[in-house]
Enquirer: 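First the structure, then my questions, so here it is.
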There are 2 protein chains.
Amino acid sequence: MSRITGMKTIDVRFPTSKHLDGSDAMNPDPDYSAAYLILSTDDPNDFAGHGFVFTIGRGNDVQAAAIEALASFVLDREVEPMLANMGQTWRELVHDSQLRWLGPEKGVMHMAIGAVINALWDLKAKRAGLPLWELLASMSPEEIVELIDFRYLSDALTPQNALEILRSAEDGKAKRREQLLAQGYPAYTTTPGWLGYSDEKLSRLAAEAVEQGFKQIKLKVGANLDDDIRRMRTARAVVGPDIKIAIDANQRWDVDQAVAWVKKLEEFDIAWVEEPTSPDDVLAHAAIAKAISPIPVATGEHCQNRVLFKQFLQADGLQVLQLDASRVAGVNENVAILLLAAKFGVRVCPHAGGVGLCEAVQHLSMFDFVAVSGDREERFIEFVDHLHEHFVEPINVHSGMYWPPQLPGAGYEILPETLVDYEFSSGKIWQPEVVEA
Amino acid sequence: MSRITGMKTIDVRFPTSKHLDGSDAMNPDPDYSAAYLILSTDDPNDFAGHGFVFTIGRGNDVQAAAIEALASFVLDREVEPMLANMGQTWRELVHDSQLRWLGPEKGVMHMAIGAVINALWDLKAKRAGLPLWELLASMSPEEIVELIDFRYLSDALTPQNALEILRSAEDGKAKRREQLLAQGYPAYTTTPGWLGYSDEKLSRLAAEAVEQGFKQIKLKVGANLDDDIRRMRTARAVVGPDIKIAIDANQRWDVDQAVAWVKKLEEFDIAWVEEPTSPDDVLAHAAIAKAISPIPVATGEHCQNRVLFKQFLQADGLQVLQLDASRVAGVNENVAILLLAAKFGVRVCPHAGGVGLCEAVQHLSMFDFVAVSGDREERFIEFVDHLHEHFVEPINVHSGMYWPPQLPGAGYEILPETLVDYEFSSGKIWQPEVVEA
């Protein structure tokens with residue numbers, strides 16, 4: 001038996017706002033950040049478990065404080081029972097009544113629980129000598145169902161439903177694993193489409209995306225309609241008719257405005273409309289989806305928990321489900337969300353980008369393909385070409401595909417020198433002479 | 001002009017778990033707490049603005065850290081323009097894109113903004129020499145509409161709708177103010193019904209509630225059906241047929257379970273069923289409400305923002321709207337919620353109890369009666385007889401009514417000696433020899 005004896009949180013921030021990378025209609029100047037967590041044990045030969053919550057700057061310290069507040073649930077605990085019963089571990093954290101009051105099950109406290117859960121999964125995968133997607137795919141349907149808290153889900157997904165989905169995916173699992181290793185998992189790229197980029201930069205990057213083999217790109221929209229029409233026309237002219245173009249309004253509109261705006265862009269053939277309005281607004285998304293059908297509505301990166309995803313599926317408020325690796329309470333809750341999507345027959349195209357979200361979320365899509373939905377058709381993992389060099393195992397994206405990670409772990413581990421250099425505000429990158437240069 | 005030069009946050013906790021006050025099916029051992037904020041200015045003759053977020057213990061430090069993270073929005077700012085343009089002040093805080101990522105508009109960060117907004121309202125009311133309810137009621141319809149952010153509301157409530165509601169309430173405003181001062185505002189009491197209390201204590205407290213003039217009491221339910229049946233029978237026998245009894249499941253059930261459980265209790269005549277399931281689940285509440293009709297469903301104390309309230313109203317997921325003084329982003333957002341309720345013709349019966357929620361929320365109901373809905377019929381403010389002695393102006397509840405507060409301010413101000421004695425964990429009440437006694 002070993003015990004968790006180390007719990008280190010680090011406020012890591014990257015000064016991305018300096019170059020308008022990641023700018024959109026609601027987020028003009030993000031500094032991509034991670035409230036980062038390292039769990040270590042009293043066994044000197046053991047691995048460390050890494051996890052984080054992605055934020056965009058201010059408030060990353062609050063997020064780190066929330067992770068630290070979970071110390072009493074983790075420190076001095078025996079590791080093996082926690083890792084062997086990840087469903088129980090999740091419930092202990094999420095059901096703590098005092099902490100639950102701060103959400104419940106949403107926002108800073110819920111994401112903090114996600115960081116702890118994900119760090120434990122990272123440790124579990126490293127101990128198993130497997131990348132997370134392989135570890136999850138190796139679990140039995142019964143073991144996977146045990147990970148999930150079905151409270152508040154039973155009107156849409158019961159344990160029996162989940163078992164049936166997983167058992168039916170047992171068929172062909174080994175073959176799909178081989179396909180994944182040989183062919184990869186489709187990616188789409190957001191790199192060309194940030195709102196702060198000039199038309200020239202958009203054109204150049206869109207052309208490069210096609211050359212690189214991507215079958216879908218995404219443009220940020222929603223700040224100015226005339227600009228959006230011009231940028232869509234520019235992009236469509238560059239990529240031609242066969243490449244999909246999705247648009248992303250980053251929550252900018254109300255219902256009527258969303259419908260009117262999309263109607264002005266539909267001539268350019270829209271692959272999906274992402275985050276048209278408040279991410280909390282199931283009924284508004286359903287109304288928009290109905291009005292702009294057959295153009296699909298996509299949302300999820302700010303979807304607070306499985307209960308909201310359930311409602312989006314029940315109300316047909318989304319046709320593309322964009323789960324996020326660090327928004328909900330970790331791998332367990334995302335497995336529940338994958339099963340909900342499978343139950344409703346809705347495709348999952350995860351949100352990624354930021355810092356580390358690509359590295360983390362690819363494991364979930366690959367697990368889903370091998371062991372849950374069994375499907376890769378019209379499914380893409382978002383790809384943004386930012387900050388991958390800071391990871392122990394950066395994503396491997398080429399030929400328009402994500403290629404399965406090979407190292408044991410869950411993909412969250414940032415290089416130790418980055419954790420020092422980018423720590424806010426003591427790291428060298430944040431010293432006045434550097435950051436103001 | 002004066003500037004905000006002081007921003008003090010205090011982690012205040014009351015060891016309420018020692019006596020099982022406040023115990024329910026989801027919260028067995030709350031320590032009522034306030035992440036407390038005092039804003040002060042550079043004018044030595046000025047008032048201080050007080051605000052807080054109510055929590056139930058663990059995590060109150062995280063909540064306080066989130067309030068502190070807002071310092072850059074408040075410190076060194078000129079006070080007068082902030083107070084004169086509270087709508088703009090609200091939008092500056094809530095629309096900050098980096099902080100918004102941590103929600104958006106929900107959980108720890110959103111409630112922290114609420115504490116700042118409410119402290120500013122407290123300061124504004126003190127400077128005006130009026131209790132908050134009077135200050136709000138003295139504002140013109142146009143001034144009130146300016147407080148509200150209509151983003152994401154326009155499919156249910158436009159500025160024009162809000163103006164019409166407020167203008168039509170101008171008629172009879174002076175008379176309702178007199179009625180309020182002469183007759184008070186109805187209260188109901190939760191004091192008898194905590195889950196940790198014995199049947200004997202329930203009987204005694206229920207009888208006292210009737211003697212004290214309350215027309216409605218509330219029982220916590222949801223842990224054990226047989227216990228609930230026995231406790232409802234006991235309570236009904238004590239209070240007789242004319243006193244209303246509401247039940248509160250504190251989010252314990254899924255849809256089918258809620259319906260089945262309520263059916264077993266309906267013979268006792270239920271005034272409303274509160275928080276039957278996840279507070280995020282609009283569609284589940286709507287399904288439950290339909291199945292148990294005409295028994296009303298009540299929810300709102302954990303409702304994260306105006307966007308969720310809007311959906312509950314659109315979907316008929318609640319028939320009793322229970323706003324909370326510290327869950328959303330302060331007075332501005334609660335004014336929006338009162339207007340949404342008025343638009344849909346739904347009664348508002350605020351959540352209170354905890355620490356300071358009664359003192360704070362009474363201002364909103366009284367403002368609503370005087371200047372928004374104009375209605376007190378079947379409306380009650382929750383009353384729980386806990387911790388009022390710690391406030392500069394404790395609520396005045398007698399004869400089953402809340403009596404309007406008279407002192408200038410918004411009601412959040414805790415006595416200075418309490419802030420010292422109950423500060424966690426340095427205060428004298430938290431020293432080992434006291435807390436373990």
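Since the model is a prediction, treat every value here as computed from it, not as a measurement.
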Enquirer: Check each atom of B:R100 against the heavy atoms of chain A and say whether the ones under 4.5 Å are side chain, backbone, both or neither.
Expert: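 Side chain only.
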
Enquirer: Is it true that a side-chain atom of B:E333 and a backbone atom of B:G330 form a donor plus acceptor pair closer than 3.5 Å?
Expert: no

Enquirer: Can you say whether B:Q251 sits under 4.5 Å from chain A via the side chain, the backbone, both, or neither, judging by heavy atoms?
Expert: both

Enquirer: Heavy-atom distances under 4.5 Å only: say whether B:F150 touches chain A with side chain, backbone, both or neither.
Expert: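 Contact with chain A is through the backbone of B:F150 alone.
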
Enquirer: Identify which of A:V108, A:L99, A:D280 forms the greatest number of heavy-atom pairs closer than 4.5 Å to chain B.
Expert: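 Heavy-atom pair counts peak at A:D280.
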
Enquirer: Using non-hydrogen atoms only, which part of B:P104 is less than 4.5 Å away from chain A: side chain, backbone, both, or neither?
Expert: both

Enquirer: Check each atom of B:L153 against the heavy atoms of chain A and say whether the ones under 4.5 Å are side chain, backbone, both or neither.
Expert: backbone

Enquirer: Heavy-atom cut-off 4.5 Å, strictly under: side chain, backbone, both or neither for B:L308 against chain A?
Expert: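 When you check distances to chain A, only side chain atoms of B:L308 fall under 4.5 Å.
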
Enquirer: Going by the side-chain contact (heavy atoms from CB on, under 4.5 Å) test, name the single residue among A:D61, A:D11, A:N60, A:I10 that passes it with A:F424.
Expert: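 Single pass found, and it is A:D11.
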
Enquirer: Using heavy-atom distances under 4.5 Å, tell me whether B:Q304 contacts chain A through its side chain, its backbone, both, or neither.
Expert: side chain

Enquirer: Are a donor atom and an acceptor atom from the side chains of B:H351 and B:Q322 found within less than 3.5 Å of each other?
Expert: no

Enquirer: With a 4.5 angstrom heavy-atom cut-off, could you sort out which part of B:D31 is near chain A: side chain, backbone, both or neither?
Expert: both

Enquirer: Among B:R252, B:H95, B:Q314, B:R151, which residue has the highest count of heavy-atom pairs closer than 4.5 Å to chain A?
Expert: B:R151

Enquirer: What's the separation between atom CD in B:E105 and atom CZ in B:R306, rounded to the nearest 0.5 Å?
Expert: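 Rounded to the nearest 0.5 Å, the CD-CZ separation comes to 4.5 Å.
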
Enquirer: Under a 4.5 Å cutoff for heavy-atom pairs, which residue among A:L283, A:V62, A:D155, A:V307 has the most contacts with chain B?
Expert: A:L283

Enquirer: Taking A:K220 for the side chain and A:A249 for the main chain, is one N or O donor matched with an acceptor at less than 3.5 Å?
Expert: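 Not a single qualifying donor-acceptor pair exists.
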
Enquirer: Between B:D29 and B:S17, do the side chains contain a donor N or O and an acceptor N or O under 3.5 Å apart?
Expert: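 The answer is no; no qualifying pair exists.
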
Enquirer: Would you mind checking which part of A:R327 comes under 4.5 Å of any heavy atom in chain B, side chain (CB onward), backbone (N, CA, C, O), both or neither?
Expert: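 A:R327 touches chain B through side-chain heavy atoms alone.
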
Enquirer: Would you call the rings of B:W194 and B:H386 parallel, tilted or perpendicular if under 30° counts as parallel and over 60° as perpendicular?
Expert: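 It falls in the parallel class, under 30°.
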
Enquirer: Which answer fits B:V53, side chain, backbone, both or neither, if we ask what part of it has an atom under 4.5 Å from a heavy atom of chain A?
Expert: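 Neither; nothing under 4.5 Å.
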
Enquirer: Is the shortest heavy-atom distance from the side chain of A:K310 to the side chain of B:D281 under 4.5 Å?
Expert: yes

Enquirer: When you look at A:Y32 and A:F14, which way does the ring pair (Phe, Tyr, Trp, His ring centres under 6.0 Å) test go after all the steps?
Expert: CA-CA 5 Å; A:Y32 287 164; A:F14 300 86; 8.5 Å; no

Enquirer: Just checking, any donor-acceptor pair under 3.5 angstrom between side chains of A:D149 and A:N332?
Expert: no

Enquirer: Between A:A69, A:G59, A:G107, A:A315, who has the most heavy-atom pairs with chain B when the cutoff is under 4.5 Å?
Expert: A:G59

Enquirer: With a 4.5 angstrom heavy-atom cut-off, could you sort out which part of B:D256 is near chain A: side chain, backbone, both or neither?
Expert: neither

